[in-house]
Amino acid sequence: MRGRTLSAGIALAVFAGMTVPLAAQPAAASSPTATTVTRPIAASAAALAAPDISITNVQAHLTQFNAIATSNGGNRRAGSAGYTASLNYVKTRLQSAGYTVSEQYCSSCRYPSNNLIAEWPGGPADQVVMFGAHLDGVSAGPGINDNATGSSTLLENALVLAAQNPTMTKRVRFAWWTDEEQGLNGSRFYVNSLSATQRGYIKGYYNFDMVGSTNGGYFINRVTSTTAAPLKAYWDSLGLQPEENVEGQGRSDDYYFQQAGIPTSGYAAGASARKTSAQAAKWGGTANSAYDPCYHRSCDTTANVSATVLNRAADGVAYALWQLAVGGGTPTCTGGQVVGNGGFESGSTPWTASSGVITNASGQPARTGSYKAWLNGFGTTRTESLSQSVTLPAGCATYTLSFWLHIDTAETTSSTAYDRLTVQAGSTTLATYSNLNAATGYVQRSLNMAAFAGQTVTLRFTGTEDSSLQTTFVIDDVTLQAS
């Protein structure tokens, strides 16, 4: 983000007159005595198809940008070696993903250097939704919140779009701008290079600048506009009550698009302005302190980013992109059973399990057939696991993980969970069961995995026992049904 008078960010194109359904938060089904964690997802079929953007992947991009700065004099200022390396990092990944990528030399920039433009080859060329972020930083530091957060958010969204390859109803164009910190020069050069016809093709531009501030707020450019509707709808679904981005007005790369008559919006988390008491009350954080205490300073490193704020921005971009450019072209649900060998009757493939977990031993009966997964039951400190990589198709209305679980235990307590079975999808814990859930025979457990639509994740069951009194977790007939 540029200093006191102007600032840079990322952008996304919006289509006038579109109505965007509000997202909802369906709860996961599980035993009332089990601990469950669910993630907010949208209720409509189109919203369910919008992917969940991995915050881990976004953070990995931030780490790369920080390393680039460290190797190139401590910054990524436009025209510097750090900027060139940053551009090459983004460009290489986009080309590998199948984007049409071009560099535009900004001859009028204070530090002459290149904008990076990437277009996904789908959708009508005269109906463009554009997302942009400035790639450069200031000379004082590595520029991670300002603006590797915006650049990384767009890069990961672009890679996920390519991986899912849905039918497009609009053309999607991404841009990473140079020389923003010197006066929005890269984006101004780009807009001025367009003919009137080419400008008319861009139906909206969304800008993302500083979207991970540690004491951040939830700000949207032109928050009440039709252009902002999909961005606002996603944050409204999380109960965030976003506000107008007053601090960023005229200070980021959306400015020259707006001056050219192109509808604009975007996300921001705040720069050097201070959080009010009312904002701290609804968003958390520290009142009367800067949204970003390391704004334009050497401490703007990967430590200067809120993962929560950044994750909400990245997912909001995906939601808007799917609403605006995929829309009626949402992938058709292929449906069906996703888990392989859920009854364990075909050996261990494709499961990965601790030794002896998949068994036909007679000590615990299978629910059906002869085999089951038997975790723990030793009465000593022990951890055992069972996992399988699963790919959930996009575009389905429901994604239900179901399995039959028998728990028996020698524990006598009715209040303390000494031994536990944890069910995870990737790094997200879906449910936790314990010796307190012991019951005679098998009980069916069902969990909602819609938050992982369109993704490949590892489904994992992990059983842990303490040093005394056994608890046995027996699993059979695992299904993950998409429909």
Side-chain angles (χ1 to χ4, degrees), residues 8-20 90 94 99-104 106 114-135 150-151 153-155 157-158 161-162 168-180 184-209 220-223 225-232 245 248-268 316-329:
I10 304 179
L12 163 65
V14 185
F15 300 98
M18 289 196 68
T19 56
V20 181
V90 177
L94 294 170
Y99 278 84
T100 302
V101 182
S102 62
E103 295 184 46
Q104 181 191 47
C106 177
N114 291 350
N115 292 319
L116 183 66
I117 312 297
E119 194 154 304
W120 183 244
D126 62 348
Q127 299 286 319
V128 178
V129 177
M130 192 166 183
F131 300 75
H134 75 95
L135 185 58
S151 295
T153 292
L154 289 195
L155 175 58
N157 265 276
L161 176 64
M168 306 301 295
T169 60
K170 297 291 186 293
R171 182 69 57 93
V172 173
R173 184 180 302 160
F174 294 95
W176 288 263
W177 308 117
T178 189
D179 216 40
E180 182 274 348
L184 317 181
N185 295 321
S187 56
R188 173 168 52 183
F189 186 88
Y190 174 82
V191 172
N192 288 343
S193 73
L194 300 175
S195 67
T197 299
Q198 290 170 328
R199 292 179 188 180
Y201 289 166
I202 303 174
K203 305 306 177 183
Y205 173 86
Y206 285 89
N207 197 67
F208 301 86
D209 190 4
I220 299 177
N221 303 343
R222 302 174 64 241
V223 66
S225 67
T226 301
T227 306
L231 295 181
K232 185 175 184 297
N245 181 18
Q249 287 179 5
R251 295 177 57 189
S252 197
D253 289 305
D254 55 322
Y255 178 75
Y256 287 106
F257 285 86
Q258 185 177 3
Q259 293 298 297
I262 297 169
T264 65
S265 187
Y267 282 148
V317 171
Y319 179 87
L321 193 160
W322 249 249
Q323 291 294 324
L324 296 168
V326 178

First locate atom [atom1] of [X], then atom [atom2] of [Y], and finally report the distance between them rounded to the nearest 0.5 Å.
X	Y	atom1	atom2	answer
Leu161	Tyr99	CG	OH	4.0 Å
Arg188	Asn115	CZ	CG	12.0 Å
Gln249	Gln258	CD	CD	8.5 Å
Gln259	Tyr256	CD	OH	8.0 Å
Ile202	Ile262	CD1	CD1	4.0 Å

Can you check whether [X] reaches [Y] side chain to side chain, under 4.5 Å on heavy atoms?
X	Y	result
Tyr255	Val191	no
Asn245	Tyr267	no
Lys170	Leu324	no
Asn157	Thr153	yes

Problem set entry | Partner residues of Asp179 under the side chain to side chain donor-acceptor pair (under 3.5 Å) criterion, sequence neighbours left out |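 Once residues adjacent in sequence are excluded, the partners of Asp179 under the side chain to side chain donor-acceptor pair (under 3.5 Å) criterion are Asn185.
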
Problem set entry | side chain to side chain donor-acceptor pair (under 3.5 Å) partners of Glu103, counting only residues at least two apart |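 Testing Glu103 for side chain to side chain donor-acceptor pair (under 3.5 Å), a comparison that skips the adjacent residues, returns Lys91, Asn114.
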
Exercise. So, does Ser151 use its side chain to make a donor-acceptor pair with the main chain of His134 at under 3.5 Å?
Worked result: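 Side chain of Ser151 to backbone of His134: a pair is present.
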
Exercise. Under the 3.5 angstrom rule, does the side chain of Arg171 hit a backbone N or O of Val129 as a donor-acceptor pair?
Worked result: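 No: the side chain of Arg171 does not pair with the backbone of Val129.
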
If you take all heavy atoms of [X] and [Y], which pair is closest and at what distance?
X	Y	value
Pro230	Tyr319	O-CD2, 3.5 Å
Leu155	Trp176	N-CZ2, 3.7 Å
Ala158	Leu94	CB-CD2, 3.8 Å
Phe257	Ser187	CE1-CB, 4.4 Å
Ser195	Gln198	N-OE1, 2.8 Å

Exercise. Among Val90, Leu135, Thr178, whose side chain to side chain contact (heavy atoms under 4.5 Å, CB included) with Leu116 holds?
Worked result: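 For Leu116, the side chain to side chain contact (heavy atoms under 4.5 Å, CB included) test succeeds with only one of Val90, Leu135, Thr178, which is Val90.
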
Exercise. Who are the ring-ring contact (aromatic ring centres under 6.0 Å, His included) partners of Tyr190, not counting sequence neighbours?
Worked result: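 For Tyr190 the ring-ring contact (aromatic ring centres under 6.0 Å, His included) partners, ignoring immediate neighbours, are Trp177.
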
